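Encoded as structure tokens, the structure appears first; notes follow it.
So that the names make sense, note that chain A is the first sequence line, chain B the second, and so on, each numbered from 1. What you see is a predicted model, and the numbers here were worked out from it, not measured in a lab.
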Number of protein chains: 2
Amino acid sequence: MNQIAKEDVLAASEGLKAIAHEIRLTVLCHLLQGPMTVSELLKATETEQTNLSKHLSKMRMLGVVETEKQGNFVQYRIANPDWGEVINALKKIYCPD
Amino acid sequence: MNQIAKEDVLAASEGLKAIAHEIRLTVLCHLLQGPMTVSELLKATETEQTNLSKHLSKMRMLGVVETEKQGNFVQYRIANPDWGEVINALKKIYCPD
DNA sequence: TGACAATATGATCATATTACCATAAAGTAA
DNA sequence: TTACTTTATGGTAATATGATCATATTGTCA
């Protein structure tokens with residue numbers, strides 16, 4: 001708080017909760033490459049439809065992703081491209097070269 | 001996983017859990033300025049000693065921070081400076097200029 | 001219209017997280 | 001040694017999270 005306001009820390013911690021899960025982090029990584037439909041994310045995450053749907057819902061409610069309905073499909077995209085920088089920093093920490 | 005191995009995604013999501021909490025994120029932000037003792041963090045976070053201690057313990061077990069005992073005090077420090085980049089990215093997303 | 005495909009939601013159960021209390025452990029100093 | 005300070009740990013209760021089942025919603029197409 002020296003540097004960041006209390007309310008911003010709270011908001012950021014909520015945002016972190018939105019991606020602090022194996023499936024949701026996987027979704028985020030994929031969406032960084034571009035928007036994807038639920039069906040595509042389903043293949044990518046190898047989980048149950050209903051389970052993925054809940055994770056996507058959580059990410060949407062916490063403002064990390066946005067959706068756009070396209071006919072029968074729903075396309076998900078990252079709400080703020082700066083999440084890419086978060087992922088890049090995580091890669092430095094967790095992905096050995 | 002296109003880009004990140006499954007095991008790395010898992011590790012990163014665990015690391016994210018270590019900071020996806022208001023108190024723990026506050027601790028991380030403070031430690032970015034340099035090592036601090038528990039007592040100092042206690043003042044900074046304005047929480048109960050026993051509560052903070054558990055949060056610190058979690059961060060340590062998940063490898064985000066390290067400790068060094070100095071007499072009666074315990075000094076905490078960030079294990080990997082790259083967490084600074086994570087915070088900077090979060091600032092872009094959550095801290096309006 | 002009916003059948004089907006894509007996605008979301010409600011209910012439920014198991015598990016995890018968190019805050020708080022009491023207490024323990026470890027170091028210091030008289 | 002005793003008293004005190006600093007930090008950690010065990011127990012517990014409230015709440016949150018996650019997986020799974022069944023079902024609903026919405027849109028497409030024949």
Check your understanding: Would you call A:Glu46-B:Lys6 a salt bridge at under 4.0 Å N-O?
Key ->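 Counted as a salt bridge, because a side-chain N and a carboxylate O are separated by less than 4.0 Å.
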Check your understanding: Between A:Lys43 and A:Glu40, is the closest basic N to carboxylate O distance under 4.0 Å?
Key ->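 So A:Glu40 does not pair with A:Lys43 through a salt bridge.
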Review point. When the nearest nucleotide of DNA chain D is assigned to B:Tyr76 and to A:Ala20 on a heavy-atom basis, which residue is associated with the more 5' position?
Key: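 Whichever sits nearer the 5' end wins; that is B:Tyr76.
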Exercise for review: By nearest nucleotide on DNA chain D, pick out whichever of A:His55 and A:Gln70 is the more 5' one.
Suggested key: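 The residue mapped nearer the 5' terminus is A:His55.
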Spacing between [X] atom [atom1] and [N] atom [atom2], to the nearest angstrom:
X: B:Leu56; N: D:dT9; atom1: CG; atom2: P; value: 11 Å
X: A:Leu41; N: C:dT7; atom1: CG; atom2: P; value: 9 Å
X: A:Glu14; N: D:dT17; atom1: CD; atom2: C1'; value: 13 Å
X: A:Leu52; N: D:dA19; atom1: CG; atom2: P; value: 11 Å
X: A:Lys58; N: C:dA8; atom1: NZ; atom2: C1'; value: 17 Å
X: A:Leu42; N: C:dT7; atom1: CG; atom2: C1'; value: 10 Å
X: B:Asn72; N: D:dA8; atom1: CG; atom2: C1'; value: 13 Å
X: A:Asn51; N: C:dA11; atom1: CG; atom2: P; value: 18 Å

Between the base of [N] and the side chain of [X], is there a donor and acceptor pair under 3.5 angstrom?
X: B:Lys54; N: D:dT7; value: no
X: B:Thr50; N: D:dT9; value: yes
X: B:Ser57; N: D:dT9; value: no
X: B:Gln49; N: D:dA8; value: yes

Candidates [options] - which lies nearest the side chain of [X]:
X: A:Thr37; options: C:dT9, C:dC20, C:dT7; answer: C:dT7
X: A:Arg60; options: D:dA8, C:dA19, C:dA8; answer: C:dA8
X: B:Ser53; options: C:dA8, D:dG18, D:dT7; answer: D:dT7

**Study point:** Given DNA chain C, 5'-ward residue of the pair A:Val38 and A:Lys17, judged by closest heavy atom
**Key:**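 The residue closer to the strand's 5' end, by nearest nucleotide, is A:Val38.
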**Study point:** Gap separating the CG atom of A:Leu28 from the NE2 atom of A:His21, nearest 0.5 angstrom
**Key:**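 Here the rounded value is 14.0 Å.
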Review point. With sugar-phosphate meaning primed atoms plus P, OP1 and OP2, does A:Ser39 contact a base, only sugar-phosphate, or nothing at under 4.0 Å between heavy atoms?
Key: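 Contact class for A:Ser39: sugar-phosphate only.
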Check your understanding: For A:Tyr76, does its backbone N or O pair with a side-chain atom of A:Arg60 as donor and acceptor, under 3.5 Å?
Key ->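 Looks like no, no N/O pair under 3.5 Å.
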Check your understanding: Can you find a heavy atom in the side chain of A:Gln75 that is under 4.5 Å from one in the side chain of A:Thr67?
Key ->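 Side-chain contact under 4.5 Å: no.
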